[in-house]
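A short write-up of the structure that comes next.
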Amino acid sequence: VEGIARTAMLATTIRRKNIKKGLAFSVMIVGSSGLGKSTFVNTLCESPVFPKKDCGSPEKAALEKTVAITPVTVEMEEDGIKLSLTIVDTPGFGDNINNEGNFLDILAYIERQYDDILAEESRIKRNPKFYDNRVHALLYFIAPTGHSLRELDIEFMRRLGARANIIPVVAKSDSMNPAELAAFKKRVMEDIAYYKIPIYNFPYDDEEDDDETIEENNELRALLPFSVVGSEDEVVLNGRRMRCRQYPWGLVEVDNSRHCDFSKLRYMLLSSHLQDLKEITHDFLYEQYRTEKLSKEGE
Ligand code: GDP
Ligand code: MG
């Protein structure tokens, strides 16, 4: 009994520490260039993490392109819990004839974080300043072509899915009308099933889950791939500030779930499913990497 009480106390202490220090969570953004990845990050963090420079000329616009893998950590607060959110933006691809280089850089980044943990776990004396930088979720931006997945998307997602929780998103979804978007989403999910692309799966009826959780998971699963719209512009309408994209014919509101899935994606990512994403990363994806690596070394 004493042992159990002590373990419980220890758990509480660790939890308190986590809350005080803030939860650490890391999201990687992958997709072709020009799909609105940097804009999305600024929208998600509600701050100019990747400031938009003056891109009046084509030369400047090209300069603005993300050229390297750049992790940035933003301190924020979600539901009263401090969150240390690391965003890993990756260079867009698709405009090169050979995209293998980009892919290998992205994969190497993910595996390097696993290697760091592996080295830390085998040290006799732990480094108190060690920072776990593993990628907990990988948002994969799909071009809103209206057709289906491109070969490149299939290839990238299949290979990255073995190392990270992939959450597919339809980029710039304001470029499709609701019927087109629904049809596109359906085709994307059919491709994902057909090519056996391992994406993050919202937990299925777990015996421990209450009805509400099961319902929520079913709802979120049905939204896949999440449609997103990013914007740093704000307008005030009837005293309400909102982030939106303004067109001559009207407004697309980022946070309106009738316009896109941004707010639902943000909530699952940074709040409701954050812990599940972290657990899968540690218990399954990292464990798999570790096993593969150690058995290779033993050969
Ligand atoms: P990245 O290369 O993927 O990082 O893309 P950027 O964030 O730099 O955005 C490329 C262009 O797309 C910019 O002109 C953005 O203003 C625009 N953009 C970003 N998000 C959206 C969106 O949700 N819808 C539309 N229509 N345009 C967007
Ligand atoms: Mg960018």
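Just the heavy atoms: all of them, side chains too, but no hydrogens, waters or symmetry mates, feed the values below. One-based numbering, in listed order, for ligands and for the atoms of each. Count residues from 1 along the sequence.
Taking backbone and side-chain atoms together, Thr39 has no N/O/S atom less than 2.8 Å away from the Mg ion (ligand 2).
The aromatic rings of Tyr200 and Phe202 sit perpendicular to each other, their planes meeting at more than 60°, with 30° as the lower class boundary. Between Tyr289 and Tyr114, the angle of the ring planes lies from 30° to 60°, which puts this pair in the tilted group.
Remark: Glu111 engages Arg163 in a salt bridge, criterion side-chain N to carboxylate O under 4.0 Å.
Between Thr39 and Gly230 the shortest heavy-atom distance is CG2-C, 3.7 Å. Counting all heavy atoms, side chain and backbone alike, Ser84 lies closest to Tyr131 at OG-OH, 3.7 Å. The minimum heavy-atom distance between Asp255 and Ser263, with the atom names listed, is O-OG, 3.8 Å.
Some N or O of Lys172 is nearer than 3.5 Å to an N or O of ligand 1, by distance alone. Note: no N/O pair closer than 3.5 Å links Ser33 and ligand 1 by distance alone. Between Val229 and ligand 1, no N or O atom pair is found at a separation short of 3.5 Å. Between Gly36 and ligand 1, an N or O atom pair is found at a separation short of 3.5 Å.
For ligand 1, the atoms lying closer than 4.0 Å to a non-hydrogen atom of Tyr247 are 26 (N). Taking every non-hydrogen atom of Gly230 and a distance limit under 4.0 Å, the qualifying atoms of ligand 1 come out as 20 (N), 21 (C), 22 (C), 23 (O). Near Leu35, meaning under 4.0 Å from any of its heavy atoms, are these atoms of ligand 1: 3 (O), 5 (O). Each of the following atoms of ligand 1 lies closer than 4.0 Å to a heavy atom of Lys37: 1 (P), 2 (O), 3 (O), 4 (O), 5 (O), 7 (O). Of all atoms in ligand 1, listed by their number and element, those nearer than 4.0 Å to a heavy atom of Thr39 are 6 (P), 7 (O), 9 (O), 15 (C), 19 (C), 20 (N).
Counting heavy-atom neighbours within 6.0 Å of Asp211 CG, excluding the residue itself, gives a total of 12 or less.
Using a 3.5 Å distance cut-off with no hydrogens or angles, the side chains of Asn217 and Tyr204 do not pair a donor with an acceptor.
Within the structure, the closest approach of Ser175 to ligand 1 does not fall below 4.0 Å when heavy atoms are considered.
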